[in-house]
Amino acid sequence: TLQGLLRGEVHTVLTHPAGLLKWGLQRRHVEASMTTLSVGDIVSIDTFLAQLVDLGYEPVHAVEKPGEFAHRGSIVDIYQVQYDHPVRCDFFDDELDALRVFNVATQRSIKTLKTITLLPNQPLALPLKTRQTMAEQLRQTLSQQPLDQAGQARFEEGLQRFLEGQADETFVRYLALIGEVSSLPDYLENPLIVWINTPRIDAGVDRFNQEIKQWRQHQGPFGKLPFSFYDETWLKHPKPGLRLNPFDDQEAGVNHRWRM
């Protein structure tokens, strides 16, 4: 969804409160991780393979499932999770000579492509140098507000996985401490947000706030919430510039709409 918004392919998003507030990497990191390759491009195979690792793809002998890539001579196969079939990149020296979608079972080509867009295979996929820089910033930040022994152990374990490119989405909570997070509204320009079934949305927001408080009590520093709210999120108390325009449409089941 986020990549589709950045490419201008997605114009409507259906989600729930947790999805709207969910943290991910800063938008600039997501934009930088999206790479488009075209037939005829000059690309070092070694650089290309290193990029696939940074994007969270797993090297295997032969691709069988999404999230894998395989390298044999001048051929690199990539199986992206958002597609039904993998793509075979055929190189001639450092020139991308052909792109073919193929069937995993038969290895036969299905169709040819002119371009392919590589998307991250993991939510926190970043180049190694960027991960190392963020790790140093986190250590400096937490040295000023140290964790207890258990919290420090959890942080160190998560940090090691992050440096290895294997961190799960929960580590984004630490990245919030150094301002390296975004949420869905950061990808929207002047959006019209329509709330359907407002009581359920309010209940979802209450659960979200409770989860945040519990995490803070048991896990240590959390960083700022989206739009700098803590006790109440911007869903109930919108940030400056967010206008609430209530209207009643019983047939559509729509209760409110907000425009940023």
Side-chain angles (χ1 to χ4, degrees), residues 1-10 24-136 159-169 171-172 175 180 182 187:
T1 299
L2 298 182
Q3 287 84 3
L5 287 169
L6 291 175
R7 295 198 300 264
E9 299 172 355
V10 174
L25 286 174
Q26 270 279 8
R27 174 174 173 165
R28 60 189 175 88
H29 294 305
V30 177
E31 289 177 315
S33 69
M34 296 169 55
T35 302
T36 299
L37 297 176
S38 301
V39 173
D41 284 352
I42 303 301
V43 182
S44 164
I45 291 183
D46 290 339
T47 300
F48 185 46
L49 296 175
Q51 183 181 20
L52 291 174
V53 172
D54 284 341
L55 290 175
Y57 289 88
E58 179 185 359
V60 295
H61 176 70
V63 297
E64 295 180 353
K65 62 182 185 293
E68 298 178 339
F69 77 92
H71 173 222
R72 301 181 306 283
S74 63
I75 292 176
V76 179
D77 294 338
I78 311 168
Y79 204 154
Q80 299 198 77
V81 68
Q82 64 270 28
Y83 298 120
D84 295 329
H85 301 282
V87 174
R88 178 157 291 161
C89 307
D90 197 347
F91 289 84
F92 182 76
D93 289 334
D94 285 345
E95 181 179 349
L96 183 56
D97 193 50
L99 290 168
R100 298 184 182 89
V101 179
F102 69 95
N103 184 287
V104 171
T106 65
Q107 294 293 302
R108 292 183 178 179
S109 295
I110 298 174
K111 62 179 179 179
T112 60
L113 301 174
K114 292 183 178 179
T115 63
I116 180 177
T117 299
L118 296 176
L119 302 178
N121 188 56
Q122 293 184 359
L124 301 183
L126 291 163
L128 177 58
K129 288 185 177 180
T130 303
R131 297 197 302 270
Q132 291 172 335
T133 299
M134 289 183 178
E136 181 60 29
L159 185 64
Q160 185 60 38
R161 289 180 57 82
F162 176 68
L163 287 170
E164 294 171 354
Q166 301 296 321
D168 59 29
E169 292 179 278
F171 194 78
V172 77
L175 297 182
E180 291 289 359
S182 295
Y187 291 78

ring-ring contact (aromatic ring centres under 6.0 Å, His included) partners for Tyr79, two or more places apart |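 So Tyr79 forms no ring-ring contact (aromatic ring centres under 6.0 Å, His included) with any residue.
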Non-hydrogen atoms of Gly56 and Asn121 that approach each other most closely =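 Scanning both residues completely, I find the closest heavy atoms to be O-ND2, 3.1 Å.
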Identify the heavy atoms of Ala70 and Val63 that sit nearest to each other, and give their distance.
->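 Heavy atoms only, the tightest pair is N-CG1, 3.7 Å.
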Can you tell me how far [atom2] of [Y] sits from [atom1] of [X], rounded to the nearest 0.5 angstrom?
| X | Y | atom1 | atom2 | result |
| --- | --- | --- | --- | --- |
| Thr130 | Leu124 | OG1 | CG | 12.5 Å |
| Arg161 | Leu159 | CZ | CG | 12.0 Å |
| Asn103 | His85 | CG | NE2 | 6.0 Å |

Within 6.0 angstrom of Glu64 CD, more than 12 heavy atoms from elsewhere |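 No, not enclosed.
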Under a 4.5 Å cut-off applied to non-hydrogen side-chain atoms, are [X] and [Y] in contact?
| X | Y | value |
| --- | --- | --- |
| Arg72 | Asp77 | yes |
| Val101 | Pro86 | no |
| Gln122 | Gln166 | yes |

Review item, side-chain donor-acceptor pairs of residues 40-48, under 3.5 Å, at least two apart:
from: Asp41; atom 1: OD2; to: Ser38; atom 2: N; distance (Å): 2.8
from: Ser44; atom 1: OG; to: Asp46; atom 2: N; distance (Å): 3.4
from: Ser44; atom 1: OG; to: Thr47; atom 2: N; distance (Å): 3.4
from: Ser44; atom 1: OG; to: Thr47; atom 2: OG1; distance (Å): 3.4

For Glu58, all residues meeting side-chain hydrogen bond (donor to acceptor under 3.5 Å, both in side chains), sequence neighbours excluded |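 Glu58 satisfies side-chain hydrogen bond (donor to acceptor under 3.5 Å, both in side chains) with no other residue.
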Could I get the full list of side-chain hydrogen bond (donor to acceptor under 3.5 Å, both in side chains) partners for Gln132, not counting sequence neighbours?
->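 Gln132 satisfies side-chain hydrogen bond (donor to acceptor under 3.5 Å, both in side chains) with no other residue.
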Listed partners of [X] passing side chain to side chain contact (heavy atoms under 4.5 Å, CB included), at least two apart:
| X | answer |
| --- | --- |
| Asp84 | none |
| Arg27 | Leu6, Glu31, Ser182, Tyr187 |
| Ala62 | none |
| Ala98 | Asp90, Arg100 |

Do Asp54 side-chain atoms and Pro127 backbone N/O form a donor-acceptor pair below 3.5 Å?
->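 Not confirmed, Asp54 side chain does not pair with Pro127 backbone.
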Counting N and O atoms only, with roles assigned by atom type, does the side chain of Arg131 sit under 3.5 Å from a partner on the main chain of Phe162, one being a donor and the other an acceptor?
->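 Yes: the side chain of Arg131 pairs with the backbone of Phe162.
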Please lay out, stage by stage, how Thr35 and Leu55 fare under the test side-chain contact (heavy atoms from CB on, under 4.5 Å).
-> CA-CA 10 Å; Thr35 302; Leu55 290 175; 5.6 Å; no
Pairs involving [range], ordered by first then second residue, that meet ring pair (Phe, Tyr, Trp, His ring centres under 6.0 Å) (sequence neighbours left out):
| range | answer |
| --- | --- |
| residues 92-115 | none |
| residues 51-73 | none |
| residues 103-127 | none |

Output a table of donor-acceptor pairs, distance under 3.5 Å, between side-chain atoms of residues 107-120 and any protein atom two or more places apart or on a different chain; print 'none' if there are none.
from: Gln107; atom 1: OE1; to: Arg88; atom 2: NH2; distance (Å): 2.7
from: Gln107; atom 1: NE2; to: Val104; atom 2: O; distance (Å): 3.0
from: Thr117; atom 1: OG1; to: Thr36; atom 2: OG1; distance (Å): 3.3

